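Encoded as structure tokens, the structure appears first; notes follow it.
Protein chains get the first letters and strands the later ones, always in sequence-line order, with residue 1 at the start of each. Quick caveat, the model's predicted, so the values are computed rather than measured.
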Number of protein chains: 2
Amino acid sequence: MPKRVDHRERRALIADALMRVAAEQGLEAVSLRHVAAAAGVSAGMVQHYFRTRDEMMTFALAVVRERNEARVTRAVAALGATPAPRTLLRTMLAELLPLDEERRADGRVALAFLAYTAVRPAVAAALHDETAALLGFVAGLIRAGAGERVDPERAAVGLLAVMEGLGIYLLGGHYPPATALAALDTQLDLLFGPGA
Amino acid sequence: MPKRVDHRERRALIADALMRVAAEQGLEAVSLRHVAAAAGVSAGMVQHYFRTRDEMMTFALAVVRERNEARVTRAVAALGATPAPRTLLRTMLAELLPLDEERRADGRVALAFLAYTAVRPAVAAALHDETAALLGFVAGLIRAGAGERVDPERAAVGLLAVMEGLGIYLLGGHYPPATALAALDTQLDLLFGPGA
DNA sequence: GCGTTTACATTGCAACTGCAATGCAAAGGG
DNA sequence: CCCTTTGCATTGCAGTTGCAATGTAAACGC
């Protein structure tokens, strides 16, 4: 094998540049040449690693999701062993909100992707599964923590919707971060009872 | 004044075509020529009414918002005079969810716009004001109906977030309409007490 | 009837797009 | 030492984009 380079590293580098472009100028500005320029490489090299634009997009979406997963995993690990369900939930969901500039950038990309996949249902399947898994997990936590107060499944749908909606509002600059967090805590109060 | 035509009507016709294109192929497919073709007119005419693409987009966003307002107004009017706060809220919010194909189409456009405005903060200002107004109204209803149970402002933020988030999930096909409505009702149960 | 204004059509163009094709350099294996 | 494979650059091309410019037709004021 000649000319050994780390294929995955290169792809990550390019995806990184893609993210910067998408976050700054929107997904529609993401082109082979733009991304190449942002990455400081030739357009041909981008094409070498992603043969089509769609391939690039799909990979970038996977990157965003992996980042989120890593963020959540790290934050949850910092809680120590066996945290209370409510604490665990609050940590996870707060970590998924675009509260700082880094997560805002990721959030913009994710939002653009949402609009992108709304027209290409095939691509949306991956998101679909992820939501279902997350939903099950959240429902389990609610069942463990809130007992008979609510239907865990329905409450989980609502809670995830709160998170998603707050994310949208944060990205749009409709609320400051503190307001979103307060709303999240209020929601958890409603589910688990106040002051837990 | 020669050649009198209803300017607003023409613009609405074009905006209509824009909506169709955007809903079917995404906002990035919205071009002067595409919209013109969809409207069955010449590209020049589109250009006559909207000098730039951005102008077209901004107008289309206004159309979506007007449609939503009209839908809500009509649904609320059908409730008769002085409905209970919870009933009023449920009617309003359910009307804003993309539950049928017509509203799904509008929702896709709105979602694309969200991503669009996330990069052009100037355009987002209008949305900003609308959210603030809606928020105040919802908070008032919660205060009237739920009394001391919750902080109306925070609860209103959460409730609107639920609506927005459910909308996203519905557009992505993550949930069927019934699940979204159930989640909405669960949320209202949490705020107003069950069975009201 | 003339001129001005509005409505719309057509054409043109520079910029940009995704993508294929081609070319070359380097690094192994034989 | 060649030769195949891989990494990357360059070029070319057909298609599309937004937008300006130019043209024509119609309707009104005078």
Exercise for the section: May I ask you to list the residues of residues 7-28 of chain B, by number, that have any heavy atom positioned under 4.0 Å from an atom of DNA chain C? Expected result: B:His7, B:Arg10

Practice task
Compare side-chain N and O positions of B:His48 against OP1 and OP2 of C:dA7 and report whether any pair is under 4.0 Å apart.
Solution key: yes

Handout entry: Residue list, salt bridge (Lys or Arg N to Asp or Glu O under 4.0 Å) with A:Glu24, at least two apart or on another chain
Key = none

Problem - From D:dA9, C:dT10, D:dG7, nucleotide with atom closest to B:Ser42 side chain - result: C:dT10

Problem - Side-chain donor or acceptor of A:Arg53 paired with backbone N/O of A:Val30 under 3.5 Å - result: yes

Practice task
Classify the nucleic acid contact of B:Val30 as base, sugar-phosphate or nothing, counting any heavy atom under 4.0 Å across all strands shown.
Solution key: sugar-phosphate

Practice task
Measure from CE on B:Met45 to C1' on C:dC8 and round the result to the nearest Å.
Solution key: 8 Å

Exercise for the section: Report the residues that fulfil side chain to side chain donor-acceptor pair (under 3.5 Å) with B:Asp106, sequence neighbours left out, ordered by chain and then residue number. Expected result: B:Arg67, B:Arg71

Exercise for the section: Could you list the residues that satisfy side chain to side chain donor-acceptor pair (under 3.5 Å) with B:Arg108, not counting sequence neighbours? Expected result: B:Glu101

Completion exercise
Residues passing the side chain to side chain donor-acceptor pair (under 3.5 Å) test with B:Arg103, sequence neighbours excluded, are B:Asp100

Handout entry: ring pair (Phe, Tyr, Trp, His ring centres under 6.0 Å) involving A:His34 - partner list, sequence neighbours excluded
Key = none

Practice task
Please name all residues satisfying side chain to side chain contact (heavy atoms under 4.5 Å, CB included) with A:Pro176, sequence neighbours left out, ordered by chain then number.
Solution key: A:Thr179

Exercise for the section: Check the distance between D:dG15's P and B:His34's NE2 and give it to me in whole angstrom. Expected result: 14 Å

Exercise for the section: Can you sort out the partners of B:Arg90 under side chain to side chain donor-acceptor pair (under 3.5 Å), two or more places apart, ordered by chain and number? Expected result: B:Asp185

Problem - Contact under 4.0 Å: B:Ser31 side-chain N or O vs D:dG18 OP1/OP2 - result: yes

Completion exercise
In 5'-to-3' order, the base (B), backbone-only (S) or no-contact (-) status of each nucleotide in nucleotides 19-24 of chain D, using a 4.0 angstrom heavy-atom cut-off, is BB----

